[in-house]
Amino acid sequence: MPQQTPLYQQHLMAKAKMVDFAGWEMPIHYGSQLEEHHQVRRDAGMFDVSHMVVLDLTGPAITDFLRRLLANDVARLNASPGRALYSCMLNERGGVIDDLIVYFMHDNGYRMVLNAATRDKDLAWIAQQATAFEVSIRERDDLAMIAVQGPNARDKTAKALGEALAPAIALKPFFAVKSAMMCGDELFVARTGYTGEDGFEIMLPAARAGDAWTALLAAGVAPIGLGARDTLRLEAGMNLYGQDMDEDTSPLEAGLAWTVAFEPAERDFIGRAALDAQRKTGPARKLVGLMLDGRGVLRAHQKVVSTAGEGETTSGSFSPTLGQAIALARVPASAGQTCEVEIRGKRLPARIVKYPFVRHGQPCITYTQTL
Amino acid sequence: MSNIPSELKYTKSHEWVRIEGDGTATVGISDHAQTLLGDMVFVELPEPGAALEAGEECAVVESVKAASDVYTPLSGKVVAANELLEDAPETVNTDAYNDGWLFRIRLEDEAELKELLDAEAYAELVAEEDH
């Protein structure tokens, strides 16, 4: 039996089409994936992301532990309360076990948000690595999480949650703050997201989630399903774990080199030796953006043919904002600016581009059609 | 509830067929099928003049979610394809049985018509799939 989030009833009331996702019964859409996509780009939408894994990590050795566990360096957070960092968690081969966000909460305390689909292996890996450190790890499955995203997301969230949100109004991007709701229940608000739009990710006690959702609805924030979540993140050029990278892909081959802190050189994070070696020779493959020249739809696992050799699309869809097909693809490192993608036995010309494709509602690919 | 017009014929793979009076038949996908697929973003149609065999894959409808093959329920030569769908594939969602038609075929073998489901039989099939 799939698990249900604290917002399950709200989804049914909003006429969601529910699907099994990573063992959770989740809304794929509430009628139209396309309209939900545009709603987030143009106004404000909310996602139930309560299935994601929240860990609170504490202990005198927690910073040392995380500097070993993660490819990015939590020292970059400068001990600023609420500051967030995106990182990969690697195996010894430099492959990605999961990608995550880690927040500095206070001295000796961090909060981490991981993918639902990788929960069991993540927890096992973290526990195994933690044995050498004095740390304690608490899974916060008592919390629900709502992401509110879009150009009007922050205004509408402020309207919906009132006083409780006041401390979050002045948050800078990639910062979070704790606040109190009615009855002193804790609210954790982060100015982060997975859509390329401004907004908040809000963690709150499960028992409060329904009321918050209802208040957001009343403030004009529309519910958005996992379908639009995927096209939004793809347009924003954000990797999806298990699709764009996995345990056999290094961050250097997944467009995530910027998330690996090679300095200071003496920090010995898990996977470092493998990445150092790969950096010396240069990774054989790279992650690129693709745009199909003509009509058609790119999907994951289509063959990509370039002059430098073959590759494969890792994520693909029709981009609702651009009105044409886009994809992320792993191709040989020396691939140039054009390629062909094999769709149902036909090879169609595509452009290799730098992503993101869309940011803050605007296309950000300069793309000239050859006539 | 799905919209299943009684004057049309249907297939198990969710195409509909309208027998025109002039020896041709129009083919599309059912309201049930378009609901399952969701927002349509691309339609690939057979070329007019193409000779098709009943049961052959001859078109593709793609929604944001997925691509789905369309099979011709009847054998014959394609006499027209719905060019409107090139720029407005969402018509398949908004008007599956009229403006959202896919292609028209010249009937070759009237006996094939007997293989098609009537509206009642198709409604039963849809009801079964929903459970």
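Order of the sequence lines sets the chain letters (A, B, ...), proteins ahead of strands, with each chain counted from 1.
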Using a cut-off of under 4.5 Å on heavy-atom pairs, state which of Glu35(A), His37(A), Gln33(A), Arg295(A) scores highest against chain B. Arg295(A)
For Thr35(B), is it the side chain, the backbone, both or neither that has a heavy atom under 4.5 Å from a heavy atom of chain A? neither
Roughly how far, to the nearest 0.5 Å, is the CD atom of Glu62(B) from the CG atom of Leu298(A)? 9.0 Å
Minimal non-hydrogen separation, Val64(B) against Phe318(A), with atom names: CG1-O, 4.4 Å
For the atom pair CZ (Phe42(B)) and CD1 (Ile343(A)), what is the distance rounded to the nearest 0.5 Å? 7.5 Å
Under the salt bridge (charged side-chain N to carboxylate O under 4.0 Å, His left out) rule, what do Glu57(B) and Arg344(A) come out as? Steps first, then yes or no, please. CA-CA 12 Å; Glu57(B) 266 174 44; Arg344(A) 290 185 287 275; over 6 Å; no
What part of Glu44(B) is in contact with chain A, defined as an atom under 4.5 angstrom from a non-hydrogen atom: side chain, backbone, both or neither? side chain
Step through the shown structure and confirm whether more than 12 heavy atoms of other residues, nucleotides or ligands are within 6.0 Å of CD on Glu310(A). yes
When you look at CD of Glu20(B), are more than 12 heavy atoms from neighbouring residues, nucleotides or ligands closer to it than 6.0 Å? yes
Non-hydrogen atoms of chain B under 4.5 Å away: do they reach the side chain of Ser32(A), the backbone, both or neither? both
Answer with side chain, backbone, both or neither: which region of Val60(B) has an atom nearer than 4.5 Å to a non-hydrogen atom of chain A? side chain
Report, as yes or no, whether the 6.0 Å neighbourhood of atom CD on Glu110(B) holds more than 12 heavy atoms from other residues, nucleotides or ligands. no
Ala67(B) versus chain A, the contacting section by heavy-atom distance below 4.5 Å: both
Looking at CD of Glu90(B) and CG of Leu34(A), how far apart are the two atoms once the value is rounded to the nearest 0.5 Å? 8.5 Å
